[in-house]
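One structure is given below, encoded as structure tokens.
Below, chain A is the first sequence line, B the second, and so on; all start at residue 1. Worth knowing before you read on, the calculation uses all heavy atoms, side chains too, and leaves out hydrogens, waters and symmetry mates. None of the values given here were measured: they were computed from a predicted structure.
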Number of protein chains: 4
Amino acid sequence: MARPKSDDKRNAILSAATQIFAERGLAAPTSAISNLAGIAEGTLFTYFSNKDELLNELYREIKLDLADAMMSGFPRKKSVRTKLRHIWDRYTTWGVTHPDQRKVLSQLQLSGSLTLESKKAGSAPFSEIEAMSKEAVEQRILRDIPLEFLAATMDASAQTTMSFMAAHSTSAEKFQRLGFETFWKGISKK
Amino acid sequence: MARPKSDDKRNAILSAATQIFAERGLAAPTSAISNLAGIAEGTLFTYFSNKDELLNELYREIKLDLADAMMSGFPRKKSVRTKLRHIWDRYTTWGVTHPDQRKVLSQLQLSGSLTLESKKAGSAPFSEIEAMSKEAVEQRILRDIPLEFLAATMDASAQTTMSFMAAHSTSAEKFQRLGFETFWKGISKK
Amino acid sequence: MARPKSDDKRNAILSAATQIFAERGLAAPTSAISNLAGIAEGTLFTYFSNKDELLNELYREIKLDLADAMMSGFPRKKSVRTKLRHIWDRYTTWGVTHPDQRKVLSQLQLSGSLTLESKKAGSAPFSEIEAMSKEAVEQRILRDIPLEFLAATMDASAQTTMSFMAAHSTSAEKFQRLGFETFWKGISKK
Amino acid sequence: MARPKSDDKRNAILSAATQIFAERGLAAPTSAISNLAGIAEGTLFTYFSNKDELLNELYREIKLDLADAMMSGFPRKKSVRTKLRHIWDRYTTWGVTHPDQRKVLSQLQLSGSLTLESKKAGSAPFSEIEAMSKEAVEQRILRDIPLEFLAATMDASAQTTMSFMAAHSTSAEKFQRLGFETFWKGISKK
DNA sequence: GATGAATGAGTCTTCATTCAT
DNA sequence: GATGAATGAAGACTCATTCAT
């Protein structure tokens with residue numbers, strides 16, 4: 001290829017999109033994104049064939065980033081509680097340190113623009129968590145709660161926790177602990 | 001008066017808006033709403049001076065409807081658990097039986113179009129719940145959790161529950177119970 | 001007639017129209033007029049079948065009012081200069097004391113909404129001035145200038161004078177005199 | 001650059017705007033302009049960010065064109081009368097040969113859409129005339145008339161003259177001379 | 001006659017996407 | 001590949017006029 005599509009440029013677009021969408025919602029014009037990314041309006045469309053594709057790619061990218069943050073240093077050998085606590089802390093910390101991504105992620109999930117394929121791709125990197133949870137339930141450490149419901153509950157509780165951590169940054173750790181404790185009491189057997 | 005502004009028409013607009021917004025998001029054109037409501041495009045603006053006002057009015061209306069559903073038959077004399085269970089059941093049942101309202105409500109809350117005034121007006125009818133919860137915490141029946149955090153957690157858990165109730169209608173009641181049990185274990189003292 | 005169209009109401013509309021058009025231009029909505037006049041939007045159209053007719057009627061009314069102001073106390077027996085001076089003073093004074101009418105009148109004249117009939121009706125009350133001027137020219141008191149050109153020149157000079165009188169109210173009289181002197185020197189024979 | 005904004009297109013818009021506004025007033029739709037200019041409706045807005053800006057730019061353009069017409073060949077060394085006559089002739093001739101521009105110019109001046117900046121920019125090219133007039137008054141060649149009043153009177157007289165020149169094209173030159181003579185007699189010392 | 005809600009064509013402006021350069 | 005001007009279909013909102021009450 002004479003001049004290959006540049007990864008830098010692609011990333012610049014994705015990063016600009018994150019910021020713009022966080023500030024102005026998914027309805028923000030693509031021109032605002034190309035503008036912030038420092039490229040021409042048309043160039044965006046050589047990297048993403050249309051706005052919807054940009055949305056979907058952005059979703060995957062954020063999910064990947066999040067999975068990375070959550071899984072690194074995962075205490076594979078420790079107790080279920082310790083493992084969940086690890087995930088909980090990584091997740092909520094990521095949310096607080098990546099407010100734009102978090103905001104955009106939830107907008108994306110509600111948008112109706114995500115393809116089934118994207119959703120699958122987005123959840124793939126989290127399969128290990130799932131496997132772990134499944135095991136835990138089977139080991140009777142957790143109450144008999146359908147796995148999916150468990151995951152959804154955890155997500156919801158963590159989101160709430162993140163909001164409070166962000167809003168009360170001096171008590172962030174306190175809320176992080178409180179949130180987890182509440183969640184754990186809710187799902188653990190004893 | 002020549003032809004008084006009809007409540008029927010106002011309600012038709014509000015109802016059409018709920019349906020359209022649920023299906024196509026808040027960015028849906030007002031023409032789709034007036035169309036579904038069976039009125040001229042311009043007529044919508046004699047009832048709501050602009051789209052934002054429609055959004056705000058719709059928010060209040062839904063909140064009022066929800067408060068109604070939640071508070072009727074409130075067991076003022078029973079235990080905290082019973083009271084919370086009442087609220088939980090009413091809330092989740094409302095969510096499942098009013099899926100459009102539920103969807104629109106969360107879109108509205110994230111939209112950034114709600115005025116401070118609307119938010120206040122929207123939460124006013126729920127003050128009794130708040131009072132009750134406060135009391136419960138003070139009575140040491142619940143763990144020492146900041147009231148706002150408690151409320152947010154309840155809402156998040158209930159939302160999750162609603163999603164599962166809606167997705168598995170045959171096991172709706174099971175999820176309703178399971179959701180509450182998880183929530184209650186999480187927050188209660190013992 | 002059971003309830004005759006009220007002259008009061010008609011005048012209220014005309015007066016409101018003058019004010020609104022002066023402030024916001026001829027493109028101002030009729031609703032602003034009916035509003036200021038204290039009547040219903042539809043009522044305006046029982047007095048004037050459409051906006052254009054209102055415009056034309058307003059034109060006539062203002063012209064009539066102006067003619068009245070100019071011709072009362074006309075010194076029929078005095079010299080041409082005195083007569084012209086009378087007209088000049090009455091005209092410019094009217095312009096300064098009726099700024100809304102003056103403004104609307106010029107907007108109307110440029111609007112392209114005036115019918116030929118209205119224009120004729122509007123100039124009818126001024127025929128006496130015309131006659132007088134004609135005579136003056138024939139008497140060789142004024143230079144040989146086509147009557148219409150004379151009239152137009154006078155109007156233009158008077159308009160300019162009014163603007164300065166209005167803008168410098170303390171020197172109003174000075175400008176009134178200066179304007180006339182300039183005009184008179186321009187047209188008189190010696 | 002991909003396709004540079006074309007001056008031709010910009011001029012086509014300005015020219016179409018002149019024609020449309022002259023025919024239908026400043027309230028004429030921008031679509032009529034883009035239509036006449038042979039471009040898409042949206043394209044107009046890549047050249048002028050909104051209708052008001054188009055109005056302001058059009059004003060400057062016309063003023064510039066007029067200044068050009070008036071000042072070229074200005075007889076700097078001749079008498080005050082000759083200089084004024086030069087301006088008079090150029091101005092009135094321009095008005096008669098550019099009827100659309102003339103019409104639009106006066107509409108623009110009354111419109112209330114002109115920014116202070118535009119007004120300044122529009123009068124800048126005429127500063128030489130002003131300087132000259134000032135000198136003439138100081139030299140006692142003209143009567144003691146405030147400069148601004150003098151300028152306004154000249155403009156008003158010239159406008160009247162143009163109207164007659166346009167309406168009686170065969171006697172155009174006669175009116176041009178007559179108009180100037182009247183004006184000159186009005187303002188000159190002797 | 002008076003009222004004002006209802007109408008819907010018309011207006012300016014935005015924006016995803018295309019394509020000439 | 002990169003650029004950004006060109007496109008034209010929407011979209012929110014306005015307003016003269018009508019007509020049911």
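- Along DNA chain E, the nucleotide closest to D:Ala27 and the one closest to B:Gly38 are compared, and the more 5′ of them pairs with B:Gly38.
- The distance from atom CG of B:Asp8 to atom C1' of E:dA5 is 14 Å, rounded to the nearest whole Å.
- The CG-P distance, from D:Asn35 to F:dA9, rounds to 13 Å in whole Å.
- Each of D:Gly42 and C:Pro29 was assigned the nucleotide of DNA chain F with the nearest heavy atom; the assignment lying further toward the 5' end belongs to D:Gly42.
- D:Ala32 comes within 4.0 angstrom of nothing in the nucleic acid, heavy atoms only.
- When the nearest nucleotides of DNA chain F are assigned to D:Ala40 and B:Arg24 by heavy-atom distance, the more 5′-ward of the two goes with D:Ala40.
- Residues of residues 43-56 of chain B that place a heavy atom closer than 4.0 Å to DNA chain E, in numerical order, are B:Thr43, B:Thr46, B:Tyr47.
- Atoms CZ and OG1, from C:Arg10 and C:Thr43 in turn, are 15.0 Å apart once rounded to the nearest 0.5 Å.
- Within the 3.5 Å criterion, the main-chain N or O of D:Ser6 finds a donor-acceptor partner in the side chain of D:Tyr47.
- In this structure, C:Glu41 places its CD atom 13 Å from P of F:dT14, rounding to the nearest Å.
- No donor-acceptor pair under 3.5 Å is formed between the side chain of B:Lys63 and the backbone N or O of B:Ser118.
- One can place CG of A:Leu26 at 14 Å from P of E:dC15, the figure rounded to the nearest angstrom.
- Panel note: side chain B:Lys5, backbone B:Thr46; a donor-acceptor pair is recorded below 3.5 Å.
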DNA chain F in dot-bracket form (Watson-Crick or G-U pairs under 3.5 Å, [ ] crossing, | inter-strand) is .||||||||||||||||||||

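- Atom CG in D:Leu36 sits 8.0 Å away from atom CD in D:Glu23 (nearest 0.5 Å).
- Atom CG in B:Asp7 sits about 13 Å away from atom P in E:dA5, given to the nearest Å.
- Taking 4.5 Å as the limit, some side-chain heavy atom of C:Ile33 sits within range of a side-chain heavy atom of C:Phe21.
- Side-chain N or O atoms of D:Lys51 include one that pairs as donor or acceptor with a backbone N or O of D:Leu26 at under 3.5 Å.
- Look at D:Lys9 and you'll find a side-chain N or O under 4.0 angstrom from OP1 or OP2 of F:dA6.
- Considering only the side chain of C:Thr30, F:dT17 comes nearest among E:dA5, F:dT17, F:dG4.
- Residues D:Thr18 and D:Glu61 fail the side-chain proximity criterion, which asks for heavy atoms closer than 4.5 Å.
- Between the C1' atom of F:dC15 and the CD1 atom of C:Ile20 lies a distance of 15 Å, rounded to the nearest Å.
- With rounding to whole Å, B:Lys5 atom NZ is found 9 Å from E:dG4 atom C1'.
- B:Asn56 places a side-chain N or O within 3.5 Å of a backbone atom of B:Asp52 that can act as its donor or acceptor partner.
- Distance from the side chain of D:Ile39 is smallest to F:dT7 among E:dA2, F:dT7, E:dA16.
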